[in-house]
Amino acid sequence: MQNENQLINARKEKLKRLAELGVNPFPSKAERSHLIAEIFENADKFVKSEICVKLVGRIRSLRKMGKTSFFHIEDKSGKIQVYARKDDVGEKNYQIFKQSDLGDFVNIFGKIFYTKSGELSLYADEITFLTKSIRPIPVVKEKEIDGKKVIYDQFADKELRYRKRYLDLLLNPDVKETFIKRTKIIKMMREFLDKRNFIEVETPILQPQYGGAAAQPFITKHNKLDMNLYLRIADELYLKRLIIGGFERVYEVCKDFRNEGMDRMHNPEFTMIELYQAYADYNDIMNLVEELLTEIANEICGTLQFEYDGMKINMKKPWKRASISSLIQEYVKINIEKMTLAEMLKFCKKNEIELDTKTYGKVIDEIFKKFVEPNLIQPTFVIDFPKEVSPLAKSKPDNLEIVERFEVFIAGLEIGNAFTELNDPIDQRARLESQAEKRKSGDLEASEVDEDFLEAMEYGMPPTGGLGLGVDRIVMLFTNSHSIKDVIFFPQMRNI
RNA sequence: GGGCCAGUAACUCAGUGGUAGAGUAUCGCCCUUUUAAGGCGAGAGUCGAAGGUUCGAAUCCUUCCUGGCUCACCA
């Protein structure tokens, strides 16, 4: 740590020297005539006209020689080299400039020219400080070999990259790209839904009673009301209340919170888009998901065929739609429709599938997860789930034990979950009560009966299709990111 | 929670029982078209933490902390 202080002290010394030179290293105002990218777009015009441009940016490389220096400044649009000559900027200005470090923000006035080696550069007439950096940012160097960028001493420590994302963004340009894509994707989703007359709404994050998914919640407390509140695990039950209230198409970009394990697919807080469409069923929602994700793929990847994690993905419509039982038939070569529970349990035992609850629905779910899910590389709608694991979905008319539900998988990632919503209040009550029973017998992820929601449904809820899309995972897919931590600016980390 | 791997200077890493190293960065000097600029010199580390083994530990052992990968868990 002493060494770090030494580096910081060196920069504080420079601050003192600047003060002695009468320079304010933290002025309020900057003068900018152009973005750096604009210079490159019309390079020849700037070189010929010799007009004075005013650029701002952060010093990203620095080569100080005796009486002349080269450095690159970077703004949001790009990087440009600056050439500073003592004879041109003047003795005092050069003296001031000499106090600069990597990471400082500066304002440069000057003309655009090409250097001997042909790099478009800014010939500085005047240099002023905009912000002095007193903590050294890691130095990353790059060199072009045969047109390829070779990076030296890349800022690569994953822990540091996640904990100090500002450095990661600064030092690893791809990271910025990923997050810009994230923003674009969410924006496209909104536009897509707005165009189809969905309206965006907001529902409570702090909920007196949580529900809509099987997960453990974060608990917090309202002091004045002296009551526990839960951070929502899903928006579902509130959005359905809005459908009951007469909105026919609603969606919410929702931060949800689940108090569970973390891994490359899970962060305790994550982003979903939930939508509900009255008078639609899960087939309509499948079409909508297909449309939405192919549009995004086209826009973000420029093609419907791209690679994720070494897998070749083809998003061309129509996507495969297959029931759980047919997929199990396909990949496991067993016909679960003709098997008894006992036979299935035997199968699980033989294949080392551990079960805490030995019920029909759960067993199917487990076999599917272990043997089918990893194979779902190309976009696939997995349809027709057991009722038991889907307490909010409507049963199929011809088989009451199976519900009209689908999950959509791409590249082995579960991207979304949807169903024809259960709107029979009597059936819904029975299902929630059975969940509550499970909860009593120790299932921490089962929810309690939400009386207020049931009462709402008793007034009448139209037939409705609902969907939850895992936004973070969709961003992972389209940015070829291997971990959810790479698509969340500030992923959850342990205290250190 | 299990298994495996990693943690040494601000950054990237070498060092596997015998005086803590390199490159970059920093500081000083030289250098007026450089671009991983260059040359000479200097400073900089509780080797993730704590115990233990040993004459001696960055190195071996134990526990712990942090992270990664992976399995389990997870709608």
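Side chains included, hydrogens not; waters and symmetry mates left out as well; all remaining heavy atoms used.
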Novice: Taking the side chain of A:V139 as its heavy atoms from C-beta onward, which of B:C27, B:C31, B:A25 lies nearest to it?
Specialist: B:A25
Novice: Report yes or no: is there a donor-acceptor pair, N or O only, under 3.5 Å between the side chain of A:T68 and the base of B:U33?
Specialist: no
Novice: Would you indicate what A:I137 reaches in the nucleic acid, counting non-hydrogen atoms under 4.0 angstrom: base, sugar-phosphate, or nothing?
Specialist: nothing
Novice: Whole angstrom is fine here: how far is it from CD1 in A:I8 over to P in B:C11?
Specialist: 12 Å
Novice: With the side chain of A:L7 defined as its heavy atoms from C-beta on, choose the nearest nucleotide among B:U26, B:A75, B:G68.
Specialist: B:U26
Novice: Could you tell me whether A:A156 contacts a base, only the sugar-phosphate backbone, or nothing, with contacts defined as non-hydrogen atoms closer than 4.0 Å?
Specialist: sugar-phosphate
Novice: In whole Å, what is the span from the CG atom of A:L62 to the P atom of B:G38?
Specialist: 13 Å
Novice: What's A:F385 touching, base or sugar-phosphate or nothing? Going by heavy atoms closer than 4.0 Å.
Specialist: nothing
Novice: Quick one: is A:H72 getting a side-chain N or O under 4.0 Å of the B:A37 phosphate, OP1 or OP2?
Specialist: no
Novice: Considering only B:A36, B:U33, B:U12, which nucleotide approaches the side chain of A:K141 most closely?
Specialist: B:A36
Novice: Would you mind telling me which of B:G67, B:U12, B:C74 lies closest to the side-chain atoms of A:E366?
Specialist: B:C74
Novice: Tell whether A:Q81 reaches the base of B:U34 with its side chain through a donor-acceptor pair below 3.5 angstrom.
Specialist: yes
Novice: Of the nucleotides B:C74, B:U33, B:U26, which one has an atom closest to the side chain of A:Y83?
Specialist: B:U33
Novice: Do A:D263 and B:C73 have a side chain to base donor-acceptor pair shorter than 3.5 Å?
Specialist: yes
Novice: Are A:K370 and A:E366 within salt-bridge range, i.e. N to O under 4.0 Å?
Specialist: no
Novice: When the P atoms of B:A44 and B:G28 are compared, how many Å lie between them, rounded to an integer?
Specialist: 16 Å
Novice: When rounded to the nearest Å, what value does the distance between P atoms of B:C5 and B:A14 take?
Specialist: 16 Å
Novice: By nearest atom, which of the nucleotides B:A75, B:A36, B:U33 is closest to the A:P391 side chain?
Specialist: B:A75
Novice: B:C47 pairs with which nucleotide, Watson-Crick or G-U wobble, both distances below 3.5 Å?
Specialist: none
Novice: Of the nucleotides B:G28, B:A75, B:U34, which has the atom closest to the A:M65 side chain?
Specialist: B:U34
Novice: Write down the atom of A:Q207, the atom of A:Y210, and the distance for their closest heavy-atom approach.
Specialist: OE1-CA, 3.7 Å
Novice: Exactly one of A:D384, A:T420, A:N417 should register a side-chain contact (heavy atoms from CB on, under 4.5 Å) with A:R405. Which one does?
Specialist: A:N417
Novice: I need the A:F129 CZ to A:K14 NZ distance, nearest 0.5 Å.
Specialist: 8.5 Å
Novice: Contact class for A:E144 vs. all strands (heavy atom < 4.0 Å): base, sugar-phosphate, or nothing?
Specialist: nothing
Novice: Rounded to the nearest Å, what distance is computed from the CG atom of residue A:D153 to the P atom of nucleotide B:A10?
Specialist: 14 Å
Novice: Is the distance from OP1 or OP2 of B:G67 to the nearest side-chain N or O of A:K485 less than 4.0 Å?
Specialist: no
Novice: Whole Å only: how far is the CD atom of A:E142 from the P atom of B:U12?
Specialist: 16 Å
Novice: Any idea which of B:U34, B:A75, B:G67 is nearest the A:R163 side chain?
Specialist: B:G67
Novice: Does B:A72 have a Watson-Crick or wobble partner in any strand here, with both distances under 3.5 angstrom, and which is it?
Specialist: none
Novice: Between A:V140 and A:K64, who's closer to the 5' end of RNA chain B by nearest nucleotide?
Specialist: A:V140
Novice: Hey, which of these two, A:V389 or A:R494, hits RNA chain B nearer its 5' end, going by closest nucleotide?
Specialist: A:R494
Novice: Looking at B:A37, I'd like to know if its phosphate oxygens (OP1 or OP2) sit under 4.0 Å from a side-chain N or O belonging to A:R63.
Specialist: yes
Novice: Should the side chain of A:R85 and the base of B:U32 be counted as holding a donor-acceptor pair, with the cut-off at 3.5 Å?
Specialist: yes
Novice: I'd like to know if the side chain of A:E274 reaches the main chain of A:E236, judged simply by a donor and an acceptor atom lying under 3.5 Å from each other, with no hydrogens or angles considered.
Specialist: yes
Novice: Can you tell whether the side chains of A:K16 and A:E13 come within less than 4.0 Å, N to carboxylate O?
Specialist: yes
Novice: Using a strict cut-off of less than 4.0 Å between a Lys/Arg side-chain nitrogen and an Asp/Glu carboxylate oxygen, indicate whether A:D450 and A:K240 qualify as a salt bridge.
Specialist: no
Novice: In terms of side-chain heavy atoms of A:K158, which of B:U34, B:G68, B:A75 is nearest?
Specialist: B:G68
Novice: Which listed nucleotide (B:C11, B:A25, B:A44) is nearest to the side chain of A:F155?
Specialist: B:C11
